[in-house]
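FYI, the numbering just counts along the sequence from 1. Scope of the values below: all heavy atoms of this structure, side chains included, with no hydrogens, waters or symmetry mates.
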Amino acid sequence: MITRVRAVWRDALALLFALNDRRTPGGAKLMAALALAYALLPVDLLTDLTPILGVADDILIVPTLLALAARTLPAPVLAQAQTRSLGVQRRLPWLIPAAALTVLTLLSLLGWAIWRTLGS
């Protein structure tokens, strides 16, 4: 599981670097923007309040859009972006655990707020 998360993180970071390259096609930029918008906007196919299923659509849709965007990149652009991504990952090994801790904290606070609201 951790290996899969690292691969998605590496590819997402590589795609971010590739978006700044002028050789990147518009379709890749559009799919990356859709993935980012879907991850950040409150509109979901399944609401996040639905246990497990609410998060499952984010876990499936966002990486799929990122993978499709990465496949449309020219090989030299993707190779250069992956090299930059690996360099960043080597310098910032604490980033994934910090992000996971942040997400867990936010989810805990959201759960607490809902519990307090429903309990009153």
Side-chain angles (χ1 to χ4, degrees):
M1 178 74 173
I2 291 175
T3 305
R4 179 102 172 133
V5 169
R6 284 184 182 167
V8 169
W9 170 248
R10 181 198 65 227
D11 293 343
L13 192 57
L15 185 59
L16 179 67
F17 288 133
L19 291 178
N20 292 327
D21 195 317
R22 59 180 166 77
R23 299 172 290 172
T24 301
K29 291 180 180 184
L30 178 63
M31 280 191 235
L34 287 174
L36 180 62
Y38 190 84
L40 296 178
L41 292 175
V43 178
D44 282 338
L45 292 177
L46 299 170
T47 62
D48 287 337
L49 297 177
T50 307
I52 299 179
L53 293 178
V55 180
D57 68 330
D58 293 330
I59 292 172
L60 295 174
I61 291 173
V62 172
T64 302
L65 286 173
L66 292 176
L68 288 173
R71 285 188 179 162
T72 63
L73 293 174
V77 173
L78 184 59
Q80 184 180 15
Q82 285 176 338
T83 301
R84 286 182 65 192
S85 174
L86 288 173
V88 168
Q89 283 182 326
R90 281 190 213 111
R91 287 187 302 239
L92 300 173
W94 52 268
L95 191 56
I96 291 174
L101 182 61
T102 301
V103 168
L104 287 174
T105 302
L106 290 173
L107 287 175
S108 297
L109 288 172
L110 178 64
W112 177 78
I114 291 170
W115 180 73
R116 292 276 298 180
T117 303
L118 295 176
S120 340

| query | Out of curiosity, Gln82 CD to Leu15 CG, how far, rounded to the nearest 0.5 Å? | reply | 10.5 Å

| request: Mind listing the closest non-hydrogen atom pair of Arg23 and Pro74 along with its distance? | output: O-CG, 3.7 Å

| query | Listed by chain and number, what are the salt bridge (Lys or Arg N to Asp or Glu O under 4.0 Å) partners of Arg22, not counting sequence neighbours? | reply | none

| message | If hydrophobic clusters are built from ILVMFWY residues whose side chains come within less than 4.5 Å, do Leu65 and Leu30 share one? | response | yes

| Nearest non-hydrogen partners of Thr24 and Lys29, listed with the distance | O-CE, 3.8 Å

| task | Output the distance between atom OG1 (Thr105) and atom CG (Leu110), rounded to the nearest 0.5 Å. | result | 12.5 Å

| field | Taking every non-hydrogen atom, the tightest pair across Ala70 and Leu78 | value | O-CD2, 4.1 Å

| message | Membership question, hydrophobic clusters at under 4.5 Å side-chain separation (ILVMFWY): are Met31 and Leu19 in the same one? | response | no

| query | How far apart are the closest heavy atoms of Leu73 and Ala18, and which atoms are they? | reply | CD1-CB, 3.7 Å

| said: Donor-acceptor pair, distance only, cut-off 3.5 Å: does the side chain of Ser85 make one with the backbone of Leu13? | reply: no

| Straight-line distance of Ile114 CD1 to Leu109 CG, nearest 0.5 Å | 11.0 Å

| Is Leu16 reachable from Val88 through a run of I, L, V, M, F, W or Y residues, each pair having side-chain heavy atoms under 4.5 Å apart? | yes

| note | One should read off an interatomic distance between Arg84 CZ and Asn20 CG, to the nearest 0.5 angstrom, of 7.0 Å

